[in-house]
Amino acid sequence: MICENLSVSKDGILFFGGADTTEMIKKYGSPLYLMDEVRIRHNCRIYVDSMKKYFGENAMPLLASKANSFKQIYRIANEEGMGTDVVSSGELYTAKCAGFPLEKAYFHSNNKTDADISYGIDCGIGYFVADNEEEICVIDRIAKEKGIIQKILIRLTPGIDPHTYEAVATGKVDSKFGSAIITGEAERVFNIALSKENIDLCGFHCHVGSQVFDSDVYIAAAETMLSFVADMKNKYGFITKELNLGGGYGVRYTENDPVIDIPANIKLVSETLNEICKKLGIDLPAIRMEPGRSIVADAGLTLYTAGSVKRIPEYKNYVSVDGGMPDNPRYALYKSEYTVVCANKMNENCDFLCSVVGRCCESGDILQENIYLPSSVERGDIIAVLTTGAYNYSMASNYNRIPRLPIIMVDGKRDYVAVKRETFEDIVRNDI
Ligand code: LLP
């Protein structure tokens, strides 16, 4: 199994976080997202413990809200000693409603509106991660109006290609995010920030990409960032308090994805960073990372019920389920791979080549193509798509006016509703 919180009973039922997946469907209806609180906590602890151990007590991982944002996730992340990053007022509002201490929150986005900035300040957000000059000026202006000094980091682009898919390669010079070091823009923006009375510049941020397995990427990015930190110290006497290295490590969607030892990688990165700092004659700033996927992905799966099974001899077979691209658009968007199983027939041979498709009126509504399920797969079987805890609920839509799925949480002792299933009334709530 791709994750250790999955197991199979003698009679071939898939268990997740100790819960019988078929019982969850009976109790809460179909389809649903199932999340494992114990696994979320385990994943948080890996980052919290190893970052503090290797980067020092002032290091802190931030939960990247975009991977999955709902109230309970902030409660869990806070209890585990994480901060959070938000990229919109909606994510910020969710964290606030959950009682998350917002002094540990960082407001990202390449285009914060005046309203976002104003709302962030009113909420007492810890930091804005300012994307560019214009934003720094607006933060300064609104902070002045509200009579406060606002802490910020500046987002820089270190120009590293993470060798992942282009859509998430955000650390390159031609990115819509941040200010490039190599073009001199970073230094210019830095000077603007320093000149602003209502801005307290605390440090710098970069993010090189998502689903990254290789520490070389972090090391290369950190090396460029630390050289910049040293330059700003040498030229302007500026002491960088915080360095944020962006998103976390990759996860295993299928058996083909590598198993990654995160503490060992963080140790490696910390050793290299300490060496670089020594060479450059600077202190290591307080390190932040913003893992999203590796906190929540394998702590979630989606359970569907199979409907029509269509066999087109010599062409293709389809297993249709009662969800699809509205609850998981990642195959449609990125051709993302997933492991798909028949949760009530785990002991049967998987020799039926098929595509698992959703219920939307669109041929691109595919969850996974060319996978193997038991040949007995039929209407009423429970189909599980594994590792869907990240970028599924957070990217879900109501396409075809399909209500969004509930999130059911299990914690080893009990199961509870963390997010209710949407109703048809919810669907028309804003219609006049
Ligand atoms: N910090 C920043 C500034 C980011 O842009 C991201 C991801 C993260 C942190 C979290 O990275 P993670 O630890 O999750 O790899 N929708 C795409 C993913 C887009 C990620 C963009 N930024 C997907 O479904 O794969």
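Counting starts at 1 for both ligands and their atoms, in listed order. Please read these numbers as outputs of a predicted model, since none were measured by experiment. Only heavy atoms go into these numbers, but all of them, side chains included; no hydrogens, no water, no symmetry mates.
Taking the six-membered ring where tryptophan is involved, the planes of Tyr33 and Tyr393 are perpendicular, since the angle between them exceeds 60° and thus also 30°.
Checked by distance only, ligand 1 and Tyr391 come closer than 3.5 Å through their nitrogen or oxygen atoms. In terms of N/O distances under 3.5 Å, ligand 1 is not approached by Ser294. In terms of polar-atom proximity, defined here as any N/O pair under 3.5 Å, Tyr249 makes no such contact with ligand 1. Between Gly292 and ligand 1, an N or O atom pair is found at a separation short of 3.5 Å. Residue His108 places no N or O, backbone or side chain, under 3.5 Å from any N or O of ligand 1. No N or O atom of Ala64 sits closer than 3.5 Å to an N or O atom of ligand 1.
Proximity of the aromatic rings of Phe352 and Tyr372 is defined here by a centroid distance below 6.0 angstrom, and this criterion is not met. Between His108 and His207, the ring center distance fails the sub-6.0 Å criterion. Between Phe238 and Phe190, a ring centre-to-centre spacing shorter than 6.0 Å is recorded.
Between Gln150 and Asp200 the shortest side-chain heavy-atom distance does not fall below 4.5 Å. Taking 4.5 Å as the limit, some side-chain heavy atom of Leu14 sits within range of a side-chain heavy atom of Leu6.
Residue contacts with ligand 1: Pro291 is included, with a non-hydrogen atom under 4.0 Å away.
Close contacts between ligand 1 and Arg330 involve ligand atoms 23 (C), 24 (O), 25 (O) [criterion: under 4.0 Å to a heavy atom]. Every atom of ligand 1 with a heavy atom of Gly247 under 4.0 Å away is listed here by number and element: 1 (N), 8 (C), 9 (C), 10 (C), 11 (O), 13 (O). Which parts of ligand 1 touch His205 is read off a 4.0 Å heavy-atom cut-off, strictly below it: atoms 3 (C). Each of the following atoms of ligand 1 lies closer than 4.0 Å to a heavy atom of Met395: 16 (N), 24 (O). Within ligand 1, the atoms closer than 4.0 Å to a non-hydrogen atom of Arg155 are 3 (C), numbered from 1 in the order shown.
Screening residues 221-235 for side chain to side chain donor-acceptor pair (under 3.5 Å) gives Glu187-Lys235 as the qualifying pairs, with residues at least two apart or on separate chains. Under the side chain to side chain donor-acceptor pair (under 3.5 Å) criterion, the residue pairs touching residues 262-272 are Ser215-Asn265, Lys267-Glu271, with sequence neighbours excluded.
If you look at Arg288 next to ligand 1, there are no close heavy atoms at all, none under 4.0 Å. When heavy-atom distances to ligand 1 are checked against a 4.0 Å cut-off, Tyr334 comes that close only through its side chain, counted from C-beta outward. Residue contacts with ligand 1 for Glu290 involve both N, CA, C or O and side-chain atoms from C-beta outward (heavy atoms, distance under 4.0 Å). Under 4.0 Å from ligand 1, the heavy atoms of Asp85 that appear belong solely to its side chain.
Of the possible donor and acceptor atoms, none in the side chain of Asp140 sits under 3.5 Å from a partner among the backbone N and O of Cys137.
Cation-pi geometry between Lys310 and Tyr318 is not met at under 6.0 angstrom from the ring centre and within 45 degrees of the axis.
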